[in-house]
Amino acid sequence: MTGQTQDVFPRTQVTWLRERISGGDDGITQANRHVMSAYAHPLRVYILGSSFRRVAEPEELINGFFADRLARDGYLARWLESGRPLRVWLLTGFRHFMMEEIRRRGRASHAELTPEVHAHNDHNAEAAYDAACKQVIVQEALNTAAERCRSKGLGRHWAVFLSHHVGGEPYDVIAARENVTAARAAVMARTATRTFREVLRELTAWPGATSEDIDHEIAGLLE
C-alpha cells in the first residue's frame with residue numbers, strides 16, 4: 001500500500017479497523033477502501049500464479065470479489081470475530097469466490113476448469129501472495145514510520161536508517177555526509193529502527209494475536 005492511509009493508524013491496524021467497522025456506513029466505507037487498496041495487488045499476484053488466471057482477467061476477478069464480499073453486511077466484522085490474519089481471511093474468501101464464479105459461468109467452464117483449478121492450493125501461488133502482502137505491509141510501515149519520525153523532529157534519524165538499512169551504506173560513510181560520528185549515526189539509526197518496529201507491530205496485529213505471534217510475523221517480514 002502507498003502512503004494513502006499512513007496517518008490513520010494511531011494504535012494498531014486492528015484497532016483502527018474495528019473502530020471503522022463499528023462506526024456506521026462511513027466507517028465501513030473507510031475500512032473497505034483500506035482493504036481494497038492494500039490487498040488488490042497481492043490478490044493479483046495470487047491469480048497470476050494460480051490456475052484461476054484462466055477464469056478471467058485479474059482486475060475483473062478482484063473487482064468482482066470486493067464488490068461481492070465487501071457489500072455483504074458484516075463481512076469485515078466476521079473477520080474480526082474469526083481471529084485470523086486479514087490476509088488469510090481474504091485469500092480464503094477469494095478462493096471460495098473463484099469457485100462460485102466458475103460455477104456461475106456455466107457447466108462448460110466448470111468442466112474445463114475444475115480439474116486444473118483444484119490445484120489452486122499450489123504453494124508457489126500462495127507463497128507469492130504472502131510475499132506480496134508482506135511487501136505491502138513493509139511499505140506501509142516505512143511510510144508511517146517516516147511520518148512519525150518527521151513529526152518528532154527525527155527526520156535525520158530516519159534518513160540515516162534508510163541509508164544504512166535500505167541503502168546498505170556503512171555508518172562511516174553516512175557519518176561523513178551527516179557531519180556526525182559513526183557511533184552517533186548508529187544511535188540515530190537505532191532510534192528510527194525502534195519507531196519502524198513499533199509501526200510493524202501495529203500493522204501486523206490481528207484479533208487474538210499473542211506477542212509471540214506478532215514477533216514471529218515481524219521476523220518473517222524482515223527476512
Are [X] and [Y] within salt-bridge range, i.e. N to O under 4.0 Å?
X      : Y      : result
Glu126 : Arg87  : no
Arg20  : Asp26  : no
Glu101 : Arg104 : yes
Glu147 : Arg150 : yes
Arg184 : Glu178 : no

Mind listing the closest non-hydrogen atom pair of [X] and [Y] along with its distance?
X      : Y      : answer
Pro58  : Leu48  : CG-CD2, 3.8 Å
Asp73  : Arg78  : O-NH1, 3.0 Å
Gly208 : Asp213 : O-OD2, 4.4 Å
Pro42  : Ala38  : CD-O, 3.4 Å
His34  : Leu17  : CD2-CD2, 4.0 Å
Arg95  : Phe52  : O-CZ, 4.3 Å

Working to the nearest 0.5 Å, report the span between [atom1] of [X] and [atom2] of [Y].
X      : Y      : atom1 : atom2 : value
Asp215 : Thr210 : CG    : OG1   : 8.0 Å
Thr204 : His216 : OG1   : NE2   : 11.5 Å
Leu221 : Ile214 : CG    : CD1   : 11.5 Å
Leu43  : Asn63  : CG    : CG    : 11.0 Å
Leu86  : Ile137 : CG    : CD1   : 9.0 Å
Ile21  : Leu76  : CD1   : CG    : 4.5 Å

[Y] reachable from [X] in the ILVMFWY side-chain graph, under 4.5 Å edges:
X      : Y      : value
Leu70  : Leu91  : yes
Met99  : Tyr75  : yes
Leu203 : Val166 : yes
Val45  : Phe97  : no
Met188 : Val173 : no

Atom CZ of Arg197 with >12 non-hydrogen neighbours under 6.0 angstrom: no
Answer whether the closest heavy-atom distance between the side chains of [X] and [Y] falls below 4.5 Å.
X      : Y      : result
Glu57  : Arg44  : no
Arg177 : Ser163 : yes
Val180 : Val160 : no
Met98  : Ser50  : no
Tyr129 : Leu90  : yes
Val187 : Arg190 : yes
Leu61  : Phe65  : no
Trp16  : Glu202 : no

Thr15-Glu19 side chain donor-acceptor pair, cut-off 3.5 Å: no
Trp89 ring center within less than 6.0 Å of Tyr39 ring center: no
Ring geometry between Phe94 and Tyr46 (parallel below 30°, tilted from 30 to 60°, perpendicular above 60°): perpendicular
Derivation of the side chain to side chain donor-acceptor pair (under 3.5 Å) call for Asn32 and Thr29: CA-CA 5 Å; Asn32 288 345; Thr29 297; 5.6 Å; no
Backbone N/O of Arg33 and side chain of Ser37: donor-acceptor pair under 3.5 Å: no
side-chain contact (heavy atoms from CB on, under 4.5 Å) assessment of Val199 paired with Leu142: CA-CA 8 Å; Val199 174; Leu142 287 168; over 6 Å; no
Sequence neighbours excluded, every pair satisfying ring pair (Phe, Tyr, Trp, His ring centres under 6.0 Å) that has a member inside residues 141-167: Trp158-Phe161, Phe161-His165, Phe161-Phe196, His164-Tyr171
From CA spacing to verdict: side-chain contact (heavy atoms from CB on, under 4.5 Å), Glu198, Arg201: CA-CA 5 Å; Glu198 287 169 2; Arg201 295 190 74 82; 5.9 Å; no
